[in-house]
Amino acid sequence: MSRWSGLPASLDQRMRQLVVQLRRLKDHSGLSLAALAARTPYSKSSWERYLNGKKLPPAGAVEALARLCGADVTRLLALHEVAAQSWRAGRPVPEARRPVPVVQPATPVPRVAPVAPVPPGRQVPLGPLVLGALAVLVVALPVLRPWQDQLAAGRGTGAAMAGRALGAAPEFTPRPGETFDCRVRRRGGALYAGHSRTGTTVLGGGAAGWDVVEAQCLLRRHGYDPGVVDGLVGGRTLRAVKRLQAGSGLPTDGIVGPGTWKALRR
């Protein structure tokens with residue numbers, strides 16, 4: 001049995017699950033890193049980085065190790081896909097590639113000419129000043145109005161309602177105790193809860209996002225209780241997925257993939 005070093009504390013839970021599975025397969029096979037390099041297209045140093053969480057292993061390396069050890073290739077590749085999503089999401093975007101927002105006013109605001117200083121003892125007529133201020137307000141109101149409408153439309157009881165009001169799905173940010181509504185409807189022969197239209201995203205233990213909210217709503221519609229609809233794949237959601245898979249004749253691995261999405265959308 002290999003004596004593995006601890007994984008980095010910053011390593012995402014989904015990536016950690018994949019590395020732990022690969023370590024177990026390597027230990028079970030009894031192969032050294034040099035033997036793995038000799039029997040696969042990947043070098044000894046590459047396997048050292050893959051098995052210590054320093055680098056995301058390519059799908060080919062995962063498949064090669066699974067076949068060497070006689071493991072379930074499909075399950076390991078599904079875990080790899082989930083880990084790859086979290087790995088890519090956790091990598092910082094280089095400064096040079098970050099888009100710089102450009103804000104352009106819808107209507108140019110007229111410039112107001114500076115007021116000449118008033119000599120001491122001379123009264124300033126208020127009439128022209130009042131008329132000038134009113135003219136600026138009349139021109140500026142059409143510019144401010146769309147912002148007010150968007151703010152009013154964005155007020156709601158949840159982040160999803162605000163995102164729909166502004167015409168774009170908001171970024172999923174889980175908050176303690178937050179849950180989401182399920183309004184499942186059939187469209188074009190398939191069920192949709194209004195949170196995601198995916199049919200291919202792979203969801204495993206620890207996954208989070210609007211795709212998870214959609215899956216939890218559809219599980220509840222089919223009579224499999226996922227617990228609270230919070231957008232997080234926990235133990236109750238995993239058990240509900242397995243019960244759905246068993247009832248649909250699918251492998252009961254608890255991982256939502258294309259086959260499970262098809263059963264959920266029915």
Side-chain angles (χ1 to χ4, degrees), residues 12-15 17-18 59 74-75 77-91 93 99 150 153-175 177-266:
D12 182 85
Q13 181 62 30
R14 288 158 286 184
M15 182 66 183
Q17 290 176 354
L18 174 65
T74 303
R75 175 177 173 79
L77 288 178
L79 285 176
H80 175 269
E81 186 169 351
V82 173
Q85 292 176 358
S86 66
W87 180 271
R88 288 190 293 266
R91 298 181 66 183
V93 179
Q150 286 186 354
R155 296 187 185 118
T157 58
M161 181 181 295
R164 292 191 189 96
L166 296 177
E171 180 182 355
F172 183 83
T173 304
R175 298 179 178 88
E178 185 178 23
T179 60
F180 303 93
D181 294 332
C182 293
R183 299 179 182 179
V184 180
R185 295 181 177 84
R186 189 171 294 278
R187 299 176 183 174
L191 293 175
Y192 293 93
H195 299 286
S196 171
R197 299 184 64 85
T198 185
T200 57
T201 302
V202 177
L203 305 174
W210 295 117
D211 296 332
V212 178
V213 177
E214 181 80 4
Q216 289 175 328
C217 287
L218 296 179
L219 283 167
R220 179 170 290 180
R221 172 63 178 265
H222 285 287
Y224 303 100
D225 183 16
V228 294
V229 179
D230 56 2
L232 303 173
V233 177
R236 293 187 66 177
T237 299
L238 284 174
R239 291 191 291 271
V241 171
K242 290 181 179 179
R243 290 196 295 270
L244 170 76
Q245 290 170 333
S248 303
L250 298 170
T252 55
D253 55 9
I255 297 175
V256 178
T260 305
W261 277 116
K262 188 176 181 179
L264 288 170
R265 297 291 186 194
R266 290 175 186 158

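These values consider heavy atoms only, across backbone and side chains, with no hydrogens, waters or symmetry-generated copies. This is a predicted model, so every value here is computed, not measured.
In this structure, Arg266 CZ and Arg186 CZ are separated by 11.0 Å, a value rounded to the nearest 0.5 Å. With rounding to the nearest 0.5 Å, the separation of OH in Tyr192 from OG1 in Thr198 is 9.5 Å. Note that CG of Leu264 and SG of Cys217 are 11.0 Å apart. Values are rounded to the nearest 0.5 Å. One finds the CG atom of Leu77 at 9.5 Å from the CG atom of Leu18 (value rounded to the nearest 0.5 Å). One finds the CD atom of Glu81 at 9.5 Å from the CG atom of Leu203 (value rounded to the nearest 0.5 Å). Atom SG of residue Cys182 and atom CD of residue Glu214 lie 8.5 Å apart, to the nearest 0.5 angstrom.
Among Val256, Val229, Thr260, Val241, the one residue that satisfies the side-chain contact (heavy atoms from CB on, under 4.5 Å) test with Leu219 is Val241. Only one option out of Arg236, Arg239, Gln216 pairs with Asp225 in a side-chain contact (heavy atoms from CB on, under 4.5 Å); it is Arg236.
When all heavy atoms are compared, the tightest approach of Arg265 to Leu218 is NH1-CD1, 3.6 Å. When all heavy atoms of Thr200 and Trp261 are compared, the pair lying nearest together is N-CD1, 3.9 Å. Here the shortest heavy-atom pairing between Leu232 and Val212 reads N-CG1, 3.6 Å. Residues Gln85 and Thr201 approach most closely at NE2-CG2, 4.1 Å, considering heavy atoms. In terms of heavy atoms, Gln245 sits closest to Pro251 at OE1-O, 3.1 Å. Smallest separation of non-hydrogen atoms from Ser86 and Met15: OG-N, 4.1 Å.
Ring pair Trp210/His195 is parallel by interplanar angle, where below 30° counts as parallel and above 60° as perpendicular.
Between Val82 and Gln17 there is no side-chain heavy-atom pair separated by less than 4.5 Å. In this structure the side chain of Ile255 reaches within 4.5 angstrom of the side chain of Leu79, judged on heavy atoms.
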